[in-house]
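To start, the structure itself, in structure tokens.
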Amino acid sequence: MKCQLSCVECGQTYAPLQVRYRCDCGGTLDVLHKDTALNQVPLETFDRRLASKLPADKSGVWRFREFILPVDETDICTRGEGNTGLYRSQTLANYVGLSSIALKHEGENPTGSFKDRGMTVGITMAKKLGFERVAVASTGNTSASLAAYAAMVGLQAVIFIPNGQIALGKLGQALAYGARTLQIDGDFDDAMALVESFSANEGLYLLNSVNPFRIEGQKAIGFEILQDLDWRVPDWIVVPGGNLGNNSAITKGMIELYELGLIDRLPRVAVIQADGANPLHVAWTGGGALQPQKAKTLATAIKIGTPISFTKSLRGLRRVNGWVDSVSDDDILEAKAVVDSSGIGAEPASCASIAGVRKMVRNGIIGASDKVVAVLTGHVLKDPGIVFDFK
């Protein structure tokens, strides 16, 4: 494979087919592509694949495969993920204070969230490495995605979820797809610590975002946004922040394209967290290290107090001159009401991005004429209880 793993803390490198998620120093790992011909892949190649009927070409991840993972196409496990809508709403533009805004709706992925973009790559690697069982800790969306993709290729999925902290719609998906689902006492961070230990001791392939190949798949969110915009770079891409894999992936992908000369500038990326689960925002504003929190927010998909991709996230945001902000649960619910009533709809965590854009415009961070793409990460049916509770 024309790539290697590299520690984000100390720079130590490892072979790509070595099963590891962290460096010996404890740092998380990056996938570094070593194919010197990548800058010779014209953007028209990806546009041409839009008309293809080949499974890899139809995927909104594997369509960009040269920049995702160098594997044989016959190894790919895909459900046609990606190809999500880019919506424009004047109602939402007026609400956030912009002349226009575009919404990339990752809730339109096969299992209803952006997690499918990373999971198609993670499960492909699990099969390539010969694993029979895969595992994650999850507040919901990751469990649904893992369960579906594992079932497609006959792998046993094992999921650790925090007791009482998962929306029923997401839990129902994991159970329906046949995953072995274990509820534990504690929060997501407790579940994460347990699944890392369990996977290492029992020989399961871990597919949380600590897995560097998951991040590679999520880069395709940014690639597809650019393709949706005819390869014009927006001023801002705004995403909710929980475990911080999404913004780490998007910045990584944008930097790679920029360094290869395939785009002429970098978009600024903003991460929006909930006030009760905002360790990145605390570190960003205070200039300090990660301070783990006991997360508390109704936006369960971003209810994470010790994000795995913290270091990657800061590194990428600094490179793209990004921003981090935090919004209240009331702000999130208000934004969700506007997103839903505009006919688009999304789960609560998704709407942190809209609440964040509104706050950033009001504070003069985003200009009224800036070109902004806000990412909605999950489908409105992922957490329908919120609608009934607050109507």
Side-chain angles (χ1 to χ4, degrees), residues 6-12 22-23 25-30 187-189 192-193 208-210 212 215 218-219 222 234-256 258-259 265-297 299 301-329 331-332 349 352-367 370 372 374-375 377:
S6 175
C7 176
V8 301
E9 301 285 354
C10 72
Q12 176 66 40
R22 296 184 185 272
C23 176
C25 77
T28 52
L29 301 173
D30 265 338
D187 58 15
F188 171 82
D189 301 302
M192 189 67 228
N208 281 99
S209 56
V210 69
I215 297 297
Q218 288 166 219
K219 290 191 311 188
D235 297 307
W236 288 92
I237 298 175
V238 183
V239 298
N243 224 8
L244 308 181
N246 249 356
N247 66 281
S248 298
I250 291 170
T251 55
K252 183 177 187 290
M254 295 297 101
I255 291 165
E256 288 170 350
Y258 178 72
E259 290 182 342
R265 65 187 181 97
L266 290 168
R268 299 183 72 182
V269 175
V271 180
I272 310 300
Q273 298 198 288
D275 284 345
N278 65 345
L280 180 66
H281 183 236
V282 170
W284 181 266
T285 56
L290 172 63
Q291 299 177 26
Q293 300 176 349
K294 276 294 181 182
K296 184 179 181 181
T297 174
I302 55 175
K303 189 179 179 181
I304 297 169
T306 310
I308 289 291
S309 296
F310 177 82
T311 300
K312 291 182 181 180
S313 178
L314 278 180
R315 179 193 60 184
L317 289 168
R318 287 168 177 157
R319 178 67 191 278
V320 302
N321 191 26
W323 187 260
V324 183
D325 226 317
S326 180
V327 294
S328 70
D329 280 0
D331 294 333
I332 290 171
S353 60
I354 301 302
V357 170
R358 189 171 192 237
K359 181 177 179 182
M360 291 170 67
V361 171
R362 287 183 166 185
N363 290 338
I365 307 301
I366 293 177
D370 284 356
V372 178
V375 178
T377 47

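- Looking at residues two or more places apart in sequence or on another chain, you find a side chain to side chain contact (heavy atoms under 4.5 Å, CB included) between A249 and I215, Q218, K219.
- Between the CZ atom of F188 and the CD1 atom of I304 there is a distance of 4.5 Å, given to the nearest 0.5 Å.
- Taking all atoms of both residues into account, the shortest heavy-atom contact from I237 to V375 is CG2-CG2, 4.1 Å.
- Expressed to the nearest 0.5 Å, how far OG1 of T297 lies from CD1 of I332 amounts to 4.5 Å.
- For residues 235-255, the pairs satisfying salt bridge (Lys or Arg N to Asp or Glu O under 4.0 Å) are E216-K252, D235-R265, K252-E256, with sequence neighbours left out.
- N247 is listed as a side-chain neighbour of L244, based on a closest heavy-atom distance under 4.5 Å.
- We find the CG-CH2 distance between D325 and W284 to be 11.0 Å, quoted to the nearest 0.5 Å.
- Annotation: salt bridge (Lys or Arg N to Asp or Glu O under 4.0 Å) contacts involving residues 280-297, sequence neighbours excluded, comprise D187-K294, D190-K294.
- Among residues two or more places apart in sequence or in another chain, the side chain to side chain contact (heavy atoms under 4.5 Å, CB included) test is passed with T306 by D189, L290, P292.
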| task | Check the pair V271 / L280 against side-chain contact (heavy atoms from CB on, under 4.5 Å), numbers first and verdict last. | result | CA-CA 9 Å; V271 180; L280 180 66; 3.9 Å; yes

| CA sep, side-chain torsions, deciding dist, call: L29, C23, side-chain contact (heavy atoms from CB on, under 4.5 Å) | CA-CA 7 Å; L29 301 173; C23 176; 4.0 Å; yes

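- Counting only heavy atoms from C-beta outward, the side chains of P307 and S313 never approach each other to under 4.5 Å.
- Every residue meeting the side chain to side chain contact (heavy atoms under 4.5 Å, CB included) condition with A355, not counting sequence neighbours, appears here in chain and number order: V327, D331, A335.
- Shown here for F310 and A289, the closest heavy-atom pair between the two residues is CZ-C, 4.1 Å.
- When all heavy atoms of I302 and A352 are compared, the closest pair comes out as CD1-CB, 4.2 Å.
- For E9, there are no salt bridge (charged side-chain N to carboxylate O under 4.0 Å, His left out) partners at least two apart in sequence or on another chain.
- At a threshold of 4.5 Å between non-hydrogen side-chain atoms, the residues V372 and V357 count as touching.
- Partners of R22 by salt bridge (charged side-chain N to carboxylate O under 4.0 Å, His left out), not counting sequence neighbours, listed by chain and number: E196.
- Under the 4.5 Å side-chain criterion, counting only non-hydrogen atoms from C-beta, V239 is not in contact with T377.
- For residues 269-282, every residue pair satisfying the side chain to side chain donor-acceptor pair (under 3.5 Å) rule, not counting sequence neighbours, is listed here: D275-S326, N278-Q293, N278-S326.
- For R358, the salt bridge (charged side-chain N to carboxylate O under 4.0 Å, His left out) test picks out E334, with sequence neighbours left out.
- Other residues, nucleotides and ligands contribute only 12 or fewer heavy atoms inside 6.0 Å of the CH2 atom of W323.
- Side-chain contact between M192 and V210 is present, with at least one heavy-atom pair separated by less than 4.5 Å.
- Nearest heavy-atom pair across P240 and S353 is CD-CB, 4.0 Å.
- Shown here for S6 and G11, the closest heavy-atom pair between the two residues is OG-O, 3.8 Å.
- In terms of the salt bridge (charged side-chain N to carboxylate O under 4.0 Å, His left out) criterion, residue partners of R315 (sequence neighbours excluded) are, by chain and number, D30.
- E259 pairs by the side-chain hydrogen bond (donor to acceptor under 3.5 Å, both in side chains) definition with R319, not counting sequence neighbours.
- Every residue two or more places apart in sequence or in another chain that forms a side chain to side chain contact (heavy atoms under 4.5 Å, CB included) with T251 is listed here: V269, V320.
- Atom CD1 in I365 sits 7.5 Å away from atom CZ in R268 (nearest 0.5 Å).
- Closest non-hydrogen pair, C10 versus C25, comes out as SG-SG, 3.8 Å.
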